[in-house]
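Not measured: the values here are computed from a predicted model.
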Protein chains: 2
Amino acid sequence: MDRGDFRKIFLIEDDEDIGFAVKEALSSKGFEVYHFLRATEFFRAVEKEKPDLVIIDIMLPDFDGFRIARFLRNRPDLSEIPIIFLTAKISEEDKLRGFELGADDYITKPFSVKELIARVNAVLRRANREKNSKVFKVDGLEIDIEKVEVTADGKEVKLTPSEFKILKFLIENYGKPVSRDKLIEKVWGYDHDAYDRTVDVHIKHLRDKLGKYSKYIKTVRGFGYKFDLT
Amino acid sequence: MDRGDFRKIFLIEDDEDIGFAVKEALSSKGFEVYHFLRATEFFRAVEKEKPDLVIIDIMLPDFDGFRIARFLRNRPDLSEIPIIFLTAKISEEDKLRGFELGADDYITKPFSVKELIARVNAVLRRANREKNSKVFKVDGLEIDIEKVEVTADGKEVKLTPSEFKILKFLIENYGKPVSRDKLIEKVWGYDHDAYDRTVDVHIKHLRDKLGKYSKYIKTVRGFGYKFDLT
DNA sequence: ATTTTGATTAAGAATTTGTTAAATCCGCCT
DNA sequence: AGGCGGATTTAACAAATTCTTAATCAAAAT
């Protein structure tokens with residue numbers, strides 16, 4: 001059950017060579033890159049499809065890159081889209097101006113493709129911010145999402161699939177109570193009609209297995225359960 | 001009624017001069033900066049107080065800055081905190097490593113203070129945008145809708161589900177009187193036929209639990225209740 | 001002064017959650 | 001196909017907490 005991937009990038013860059021290089025680099029990393037040579041093309045496109053990230057060259061023939069940023073920031077439906085400026089300009093003033101307009105990052109040419117990718121990932125990760133951390137550590141408790149493994153004080157805690165999924169989902173919603181319904185939906189699927197007490201039983205098993213760390217799974221009466229340290 | 005400020009920055013930098021300069025620069029912009037010379041000090045501090053942003057120098061005498069980042073990312077309660085690396089290292093490899101660990105930005109020394117501030121703002125702005133956890137603050141009273149938590153002067157106020165829902169609804173209608181019927185409808189459901197006095201009893205409990213902040217729940221004779229400061 | 005509306009109190013009813021044990025399901029092996 | 005073993009679900013009951021009611025008291029309005 002995926003939440004969408006945040007991979008659609010709009011690139012506005014009038015230099016065909018650079019644009020091509022960037023597009024290639026990002027495409028090879030699985031991003032879906034749409035390259036526009038003119039701001040006007042971009043404006044048309046953005047009305048139809050909302051990208052997850054916009055990379056803007058400051059110097060464009062038809063429009064100033066800053067104006068594109070301002071346009072995006074002023075449009076409520078687009079104002080959340082992260083922006084990375086890409087430019088040959090190196091003056092600090094421009095850099096600051098970029099940030100003032102709400103840029104999420106600012107990369108000056110010539111730049112390393114790897115760094116560009118890293119920065120794109122950083123910005124998107126933050127925009128996405130979900131299941132990026134693969135290992136959670138709390139006290140002596142370790143949850144490795146990728147390996148599907150839980151250890152308490154170094155010793156493995158054997159969880160059943162359901163138990164693990166419940167724990168995982170609780171941790172992903174750290175601090176926030178998760179209703180039984182939401183848990184059932186996320187762990188078993190949206191159409192599954194499970195008996196509420198089923199969740200309780202799993203929680204009970206989970207708590208038993210977590211031993212002294214069971215205290216982190218708190219029940220929030222009337223709302224569900226939550227994973228919390230406090 | 002404001003929504004929280006995101007101004008607390010933890011800075012880990014062993015060079016006193018640089019640390020001082022950064023702290024001054026950010027403080028002058030209204031940030032609350034805590035400067036740690038050692039990672040260990042930081043670890044101690046972060047258990048007590050959660051910063052809104054962490055700026056980490058990679059080269060530290062006791063710990064590698066990357067390890068601090070890893071530590072933060074693995075702690076579910078701290079994993080959302082943005083990280084900016086601050087360092088003299090300029091190798092691309094290090095930069096990439098930093099981003100892999102989930103850095104939100106990476107600034108190499110020597111850097112312009114203005115740029116630092118701009119980047120800090122960019123990162124916080126983004127973090128802010130993401131964090132839509134609705135938190136209402138009134139005086140020393142805080143209501144976190146998502147976490148289903150209420151605190152008065154930092155101490156948790158334990159509310160029952162009905163009490164919480166009533167408070168929530170009153171606050172959502174800040175300043176406007178809400179009739180008992182509307183409350184019953186919103187808290188219990190439109191078909192629920194409850195006795196009016198029931199609401200009063202819940203209000204009474206709510207007021208008891210809110211202590212000195214109970215004064216904000218006003219009764220509007222002949223109509224209902226409202227949440228108001230005046 | 002009387003009436004109306006809200007506050008307070010306490011107790012029983014109702015709801016929600018915890019726990020246990022047994023039943024069922026499911027993949028896997030022979 | 002049949003049986004095994006762990007995983008999951010159900011069901012029933014116990015325990016804990018919350019909600020509602022009703023009775024009485026206090027305050028405000030007429």
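- Counting only N and O atoms by type, the side chains of A/Glu172 and A/Tyr174 include no donor and acceptor under 3.5 Å apart.
- A sub-4.0 Å separation between OP1 or OP2 of D/dA23 and a side-chain N or O of B/Tyr195 is absent.
- Looking at which nucleotide of DNA chain C each of A/Asp208 and A/Arg197 is closest to, the 5′-most match is held by A/Arg197.
- Heavy atoms of A/Phe164 sit nowhere under 4.0 angstrom from any nucleic acid atom.
- Ring planes of B/Tyr216 and B/Phe227: tilted class, angle from 30 to 60°.
- Look at B/Thr219 and you won't find any side-chain N or O under 4.0 angstrom from OP1 or OP2 of C/dT5.
- Residue A/Ile203 contributes atom CD1, which lies 15 Å from atom C1' of D/dT8 at whole-angstrom precision.
- Donor-acceptor pairing under 3.5 Å is lacking for the side chains of A/Arg119 and B/Tyr106.
- OP1 and OP2 of D/dT17 both lie 4.0 Å or more from every side-chain N or O belonging to B/Thr160.
- For the OP1/OP2 pair of C/dT20 and a distance below 4.0 Å, the side-chain nitrogens and oxygens of A/Lys204 include at least one atom meeting the criterion.
- Using a 4.0 Å cut-off, some side-chain N or O of B/Ser162 falls inside it from OP1 or OP2 of D/dC19.
- Summarising the geometry, the separation between CD on B/Glu163 and C1' on D/dC19 is reported as 10 Å, rounded to the nearest angstrom.
- Between C/dA7 and B/Tyr225, a contact under 4.0 Å exists linking OP1 or OP2 to a side-chain N or O.
- For B/His202 and D/dT20, the shortest distance from a side-chain N or O to OP1 or OP2 is below 4.0 Å.
- For A/Lys218 and C/dT17, the NZ to P distance is 17 Å, given to the nearest whole Å.
- Nearest-nucleotide positions on DNA chain D for A/Thr198 and A/Lys209 put A/Lys209 closer to the 5' end.
- The distance between atom CG of B/Asp200 and atom P of C/dT4, rounded to the nearest whole Å, is 17 Å.
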Inset, instruction - Give the C-alpha distance, both sets of side-chain angles, the deciding distance and a yes or no for salt bridge (charged side-chain N to carboxylate O under 4.0 Å, His left out) between B/Glu149 and A/Lys226. - result: CA-CA 12 Å; B/Glu149 263 176 19; A/Lys226 70 172 173 180; 3.0 Å; yes
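- Spacing between atom CZ of A/Arg180 and atom P of C/dT15 amounts to 15 Å, rounded to whole angstrom units.
- In this entry the distance linking NE2 of B/His205 with P of C/dA10 reads 10 Å, nearest Å.
- When distances are taken from the side chain of A/Arg221 to each of C/dT19, D/dT17, D/dC19, the shortest belongs to D/dT17.
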Legend entry - ring-ring contact (aromatic ring centres under 6.0 Å, His included) evaluation trace for B/Phe42 with B/Phe63: CA-CA 11 Å; B/Phe42 166 78; B/Phe63 266 95; over 10 Å; no
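- Contact between the side-chain N/O atoms of A/Trp188 and the OP1/OP2 oxygens of D/dT8 is not found at any separation under 4.0 Å.
- Distance B/Leu183 CG to C/dG6 C1': 15 Å, rounded to the nearest Å.
- Between A/Phe223 atom CZ and C/dT17 atom P the separation is 10 Å, expressed in whole Å.
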